[in-house]
Amino acid sequence: MTYRVCFVCTGNICRSPMAESVFRTRVAEAGLEGLVEVDSAGTGGWHEGDGADPRAVAVLEENGYGTGHTARQFDPSWFARLDLVIALDSGHLRALRRLAPTRRDADKVRLLRSYDPAAGGDHDVPDPYYGDADGFDACLEMVEAASTGLLAAVREQVEGRAA
């Protein structure tokens, strides 16, 4: 049975596509491609149908990650098929939990940086959209750091299902 993870930010053109790309790579490197499905969405639909922000694409490409992406808005009906919904900041976390049809669905929502022990108490990935390229570099570093712990947690869930 496939384990499904969806990363969510505001417009689905910066942070969540970066997280999706990094995590998809981590899943492939771990040999879990057939067992884990990774995608992303935004809390709003302003950029639906657009590609990722060119600065996000540039940072991903510079670091060897894939960049194919089309923005879309998160739909509450997706909770039924998702195992884990990863919010990129606390505002997204609150918005997604409000959208959740059930308490069980709300419990599926987690902050990405909560999987990074070095993050301390700061679990938000700042939005790089209104800044320069350095913000996208910083975003990628945070995403990469948290992806290790997230992969370990997802692997545990996948292996638990197989047992």
Side-chain angles (χ1 to χ4, degrees), residues 1-45 47-52 56-57 60-61 63-119 123-125 139-163:
M1 181 179 248
T2 304
Y3 190 89
R4 293 177 174 85
V5 180
C6 183
F7 294 91
V8 182
C9 70
T10 306
N12 192 217
I13 60 168
C14 296
R15 293 172 285 178
S16 59
M18 291 174 76
E20 175 187 359
S21 183
V22 169
F23 196 65
R24 182 174 283 121
T25 298
R26 296 289 187 274
V27 165
E29 291 169 351
L32 299 173
E33 278 180 297
L35 301 172
V36 179
E37 181 181 294
V38 182
D39 66 4
S40 66
T43 56
H47 298 286
E48 271 188 301
D50 294 345
V57 171
L60 288 169
E61 287 177 347
N63 289 277
Y65 295 106
T67 58
H69 176 74
T70 303
R72 62 195 184 133
Q73 184 173 3
F74 187 86
D75 187 306
S77 69
W78 298 354
F79 275 108
R81 67 175 175 79
L82 293 169
D83 296 290
L84 193 56
V85 180
I86 301 295
L88 275 288
D89 69 29
S90 54
H92 304 131
L93 178 82
R94 286 188 301 274
L96 289 161
R97 286 186 173 165
R98 279 192 306 268
L99 289 174
T102 68
R103 179 70 184 159
R104 184 171 178 256
D105 290 326
D107 289 343
K108 295 177 183 181
V109 185
R110 299 275 190 272
L111 282 166
L112 176 61
R113 290 193 72 205
S114 69
Y115 293 94
D116 178 5
H123 290 158
D124 286 354
V125 176
C139 177
L140 181 62
E141 288 175 19
M142 290 178 200
V143 166
E144 287 176 328
S147 291
T148 302
L150 175 58
L151 180 64
V154 168
R155 181 192 298 274
E156 186 177 302
Q157 291 297 313
V158 168
E159 290 173 354
R161 286 182 174 186

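- In this structure, the side chains of D39 and C6 come closer than 4.5 Å at one or more pairs of heavy atoms.
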Name each donor-acceptor pair under 3.5 Å that joins a side chain in residues 148-155 to protein atoms two or more places apart or in another chain, with its distance.
none

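- Look at D107 and R104 and you find no salt bridge, because none of the NZ, NE, NH1 or NH2 atoms lies under 4.0 Å from a carboxylate O.
- Between C139 and M18, the shortest heavy-atom distance links the atoms SG-SD, 3.9 Å.
- Note that CZ of R26 is 4.0 Å distant from OH of Y65, once rounded to the nearest 0.5 Å.
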CA sep, side-chain torsions, deciding dist, call: D124, R113, side chain to side chain contact (heavy atoms under 4.5 Å, CB included): CA-CA 7 Å; D124 286 354; R113 290 193 72 205; over 6 Å; no
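- Put simply, CD on E37 and CG on D83 are 9.5 Å apart, with the number rounded to the nearest 0.5 Å.
- Side chains of L88 and F7 form a contact here, defined as non-hydrogen atoms less than 4.5 Å apart.
- Under the ring-ring contact (aromatic ring centres under 6.0 Å, His included) criterion, F79 pairs with F74, not counting sequence neighbours.
- A side-chain hydrogen bond (donor to acceptor under 3.5 Å, both in side chains) with D89 is found for exactly one of H123, R15, R94, namely R15.
- Of all heavy-atom pairs spanning A87 and L93, the tightest one is CB-N, 3.6 Å.
- Legend: residues meeting side-chain contact (heavy atoms from CB on, under 4.5 Å) with A52, ordered by chain and number and at least two apart, are P17, V57, H69.
- Closest of all the heavy-atom pairs between L112 and A19 is CD2-CB, 4.4 Å.
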Test side chain to side chain contact (heavy atoms under 4.5 Å, CB included) applied to V85 and W78, step by step: CA-CA 10 Å; V85 180; W78 298 354; over 6 Å; no
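- Shown here is E29, whose CD atom has more than 12 heavy atoms of other residues, nucleotides or ligands within 6.0 Å.
- Note that the CG atom of L96 and the CZ atom of R110 stand 12.5 Å from one another [nearest 0.5 Å].
- When all heavy atoms are compared, the tightest approach of N12 to G42 is CB-N, 3.3 Å.
- No donor-acceptor pair under 3.5 Å is formed between the side chain of S147 and the backbone N or O of F23.
- Once rounded to the nearest 0.5 Å, the distance linking OG1 of T67 with CG of L60 reads 7.0 Å.
- Smallest separation of non-hydrogen atoms from Q73 and A41: C-CB, 4.0 Å.
- Going from atom CZ of R72 over to atom CG of D50 covers 14.5 Å, rounded to the nearest 0.5 Å.
- Looking at every heavy atom in both residues, I13 comes nearest to A71 through CG2-CB, 3.9 Å.
- A distance of 13.0 Å separates CD1 in I86 from SG in C9, rounded to the nearest 0.5 Å.
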